[in-house]
Undergrad: 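This structure is in structure tokens; I'll ask about it shortly.
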Amino acid sequence: MPSRPPRLPAYHRYAGKALPRQSEDACHLLAWHSLDVAAVGWHLLAPERPLTQQLAARLSIETESLRRLMVFLLGLHDLGKFSRAFQEVLKLSLDGMATPQGDAFERQISRSVARGWAYHVGR
């Protein structure tokens, strides 16, 4: 009896970005993309850097607190990409990935904007 490939953890089933110049349907997994962005932020927001010091002074917080807060937020910056509607936009067909579901994210946003505009105009 042939063995089944191991099931991917749920957080490995979502693409953060497509890599169109690579062979087939290559992608950068969302979990890794989020960690990469946070790691870059950690280095860019080192406490000894002038920008970090200026931002911390402006916000009246310690440089290390600013760094930790910003790295946390950077890690969450693409949280919406875990929606299956966003996965529809990427049009990837990789085994084990989350199945796109519903309208593509772009269409959902367009409808939301149109509804908001119609609501405010109709007031």
Undergrad: Pairs under 3.5 angstrom only: tabulate donor-acceptor contacts from the side chains of residues 27-41 to other protein residues two or more places apart or in another chain.
TA:
residue, atom, partner, partner atom, Å
His28, NE2, Asp36, OD2, 2.8
His33, NE2, His77, NE2, 3.4
His33, NE2, Asp78, OD2, 2.9
Ser34, OG, Leu30, O, 3.1

Undergrad: Measure the OG1-CG distance between Thr63 and Leu45 for me, rounded to the nearest 0.5 Å.
TA: 10.0 Å
Undergrad: Residues two or more places apart in sequence or in another chain: which of them pass side chain to side chain contact (heavy atoms under 4.5 Å, CB included) with Leu69?
TA: Leu73
Undergrad: So which pairs with a foot in residues 46-61 pass side chain to side chain donor-acceptor pair (under 3.5 Å), sequence neighbours left out?
TA: none
Undergrad: I'd like to know if the side chain of Glu62 and the backbone of Ala56 have a donor-acceptor N/O pair within less than 3.5 Å.
TA: no
Undergrad: With sequence neighbours excluded, tell me which residues meet side chain to side chain contact (heavy atoms under 4.5 Å, CB included) with Glu64.
TA: Trp42, Pro47, Arg67, Arg68
Undergrad: Should Ile61 and Leu51 be counted in the same cluster of Ile, Leu, Val, Met, Phe, Trp and Tyr side chains packed under 4.5 Å apart?
TA: yes
Undergrad: According to side chain to side chain contact (heavy atoms under 4.5 Å, CB included), who are the partners of Leu79, at least two apart in sequence or on a separate chain?
TA: Phe82
